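See structure below.
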Number of protein chains: 2
Amino acid sequence: MARVRIKDVARHAGVSEKTVSNVINDYVHVSDRTRRVVQEAIDHLGYKVNLAGRHLRKGRTGIIALVVPELDVPYFAELARHVIREAEQRSLTVLIHQTGADRDHELAALAGFGSTFVDGVILSPLALTADDLRSRTDAPPTVLLGELLEEGADHVAIDNEKAAREATEHLIGLGRRTILAVGGRDDAGLGTAEARTRGYRAALAAAGLAFDPAALLPVPSFRMPDGAEAVARALDEGARPDALLCLNDQLALGALRTLYEYGMRVPEDVAVIGFDDVEGGRFSTPTLSTVAPDKAAVARIAIDLLRHRMDEAATPAPGDTSPAGVRSPQDLVVAHRLVLRESTEGAARRSRDPQDAERHANDGESGN
Amino acid sequence: MARVRIKDVARHAGVSEKTVSNVINDYVHVSDRTRRVVQEAIDHLGYKVNLAGRHLRKGRTGIIALVVPELDVPYFAELARHVIREAEQRSLTVLIHQTGADRDHELAALAGFGSTFVDGVILSPLALTADDLRSRTDAPPTVLLGELLEEGADHVAIDNEKAAREATEHLIGLGRRTILAVGGRDDAGLGTAEARTRGYRAALAAAGLAFDPAALLPVPSFRMPDGAEAVARALDEGARPDALLCLNDQLALGALRTLYEYGMRVPEDVAVIGFDDVEGGRFSTPTLSTVAPDKAAVARIAIDLLRHRMDEAATPAPGDTSPAGVRSPQDLVVAHRLVLRESTEGAARRSRDPQDAERHANDGESGN
DNA sequence: CAGCCAATGTACATCGATGTAAAAACGTGC
DNA sequence: GCACGTTTTTACATCGATGTACATTGGCTG
């Protein structure tokens, strides 16, 4: 039961502790015979590396933190899956933290959890301010996702403004004229919602459509209930939209439900489009058109950026205090594409896929 | 930039390293004046505890692992949220790991990730066998969720057999007679699916309905696409069910989509019920009846069980080798309840909620 | 076979925090 | 003012793995 240490393995194999360490770490200059003997001792005794010792010595843990507002928001869960996968390929372990959109939690994450056991942080901030970010000191290497708070940190996201503009133009192209932005908000500021709102307004302006501030439906959070409630409230107040630009798929799925309850057909009466391309939108009724970010790319790039910073941090700059060799903050844009499904295209377009068409013909037949 | 150590703080404050340590750890016998001086030095230098050192000395990390098959399965994401919350209240940090239902990954998790940096593991196994579990040696304290693989480990779950039986009885109570079990499988074995299948069969038997092996629709995984495909295949092969017992909500949501595409009305033609009560089922069209486990309770109990084991492990039993004082494996059952929504009850029942009723009347009017 | 280089292996110090044991400081009662 | 019991503080060893610097071995050249 007593824990097996390198010392025990060394004794058992009749070699020094360092040699055991060399075997474990795949050091080149170890003869095959020695390696074999040591390996047998390791297997025999059931030795496992003690991370505490290694960490203390190496100053690295191999653990990075992924910090998201809520794990049960599918977008973040799907993103987490990709991040974990990418990290694993680089022998990094991912510690997931959820902040509940709480500023204190996010600050703690920025500071490396008040201690020193994550080598880096991938943070999807919601409540942080640019000042928070700027005033952080000796924080671990950090990559921001989604919101670009300020220029001081590496950042990965899609071009939210352009994406929102394209989505809105798609709705306009369908002949829609009264388009509500669910989750939209005052477009000053650097957040994702603000950027998407800007794109929405840009598309309206380009099409010569008037912008009505009341068309922005603010929401407390980006989840289904909020989307459902916001749209219900707007309809109750007399709004008669012919399209909804929902700033994420959860809001859109909630909105679909409300439209159904109000007896409004999608997309005939109201076209709906979202952001994120979560799985739920591929199986909803109707299926949901959406802006699909390349999540795998977001994950991959975030990890790469982080690794670069981690390497920088590990190599004490030759000039010491001089910031030479430190790369300036990167701001990378990931591709997105419009995925058009029933909630804007209707059932007709689905005939592209023969199987779907067949099913749908069937559906049309008996679809009350 | 150089890291601040206790030594630096001690020098700055003019005391010994141990005194600084005492201050940090709220040791009682430190004079107020000393404490103040040390605290000032800490603040001044921006000292942060180095977990590596502490971990090495104390042998504990304060980190527990939550190991799930897939994070982007909403049930696990929602569960993770609760676990993280509960753990936080006990000053534990949660490391989430996803196994992709891969046996090797699950084994690695059981072994504490081949190293020693998690104090405990909460594992939701899918691919492990009882043998795997039995043969583990010096693994960290472990609590199993969902599947009871064998008696050797602590375990938390709902009474899956009973829950499935109740859900099936509900369907039978609606007058349904041809009930397919989506995700159902041969009911030998200890897995969740097996237990639910047993409950399904028990309910059929109790109602005097014949069991048709073809009514079990196996699925490769418990996700929406699998539910959609399994049901489509069954329908294509001529099955004409009047109800579906889906072994989780994801399968059910996928099934809803297929039924829609085949023009079958829910619940008029086919009633559908799932398990898990995920958010998506509260906003689907129709909304989804489901077996709702008390997820918060699962999380709370799992953490409590784990903490107990961790404490046991920390206190070297007085008798040393004797297993005295070690609690026998716990097998706890968490409450569940049937949540009935449109997919079995139809719209009528929803009239309990006036607002919903109104909306639905409206809906009936123009619902194509 | 001396001499040299490269390959291999070892002893020891070190990373940072904390437990142990004991010394120093302090206070109290006589 | 002294002995004694607390409280407060300190020096030092220790947790486990690994980097450094050096010792040893073996092979090969001339």
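Hydrogens, waters and symmetry mates play no part in the numbers below; they use all other heavy atoms, side chains included. Since the structure is predicted, the reported quantities are computational estimates derived from the model, not experimental observations. Throughout, protein chains are lettered first and strands after them, A, B, ... in sequence-line order, and every chain is numbered starting at 1.
A side chain to side chain contact (heavy atoms under 4.5 Å, CB included) with B/V298 holds for exactly one of B/L332, B/L145, B/I303; it is B/L145.
If you take OH of B/Y27 and C1' of D/dT8, they are 8 Å apart, rounded to a whole angstrom. Between B/R33 atom CZ and C/dA25 atom C1' the separation is 12 Å, expressed in whole Å. As a whole-Å value, the separation of A/R60 CZ from D/dG19 P is 13 Å.
Taking the charged nitrogens against the carboxylate oxygens, B/D311 and B/R60 do have a contact shorter than 4.0 Å, which makes a salt bridge. For the pair A/D8 and A/R5, the salt-bridge criterion is met [side-chain N within less than 4.0 Å of a carboxylate O].
Ring centroid separation for the pair A/H55 and B/H55 does not come in under the 6.0 Å cut-off.
The minimum heavy-atom distance between A/D154 and A/Q330, with the atom names listed, is OD1-N, 2.7 Å.
For D/dT10, one of the phosphate oxygens OP1 or OP2 lies less than 4.0 angstrom from a side-chain nitrogen or oxygen of B/T19.
Side-chain atoms of A/T61 never come within 3.5 Å of backbone atoms of A/G59 as a donor-acceptor pair (strictly under, hydrogens ignored).
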Summarise how protein sits on nucleotides 12-18 of chain D as a single string, 5' to 3': B when a protein heavy atom is under 4.0 Å from the base, S for sugar-phosphate-only contact, - for no contact. -BBBBBB

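Nearest to the side chain of A/S31, among C/dT10, C/dG9, D/dT9, sits C/dG9.
Counting any heavy atom pair closer than 4.0 Å across all strands shown, B/V15 reaches sugar-phosphate atoms only and no base atom.
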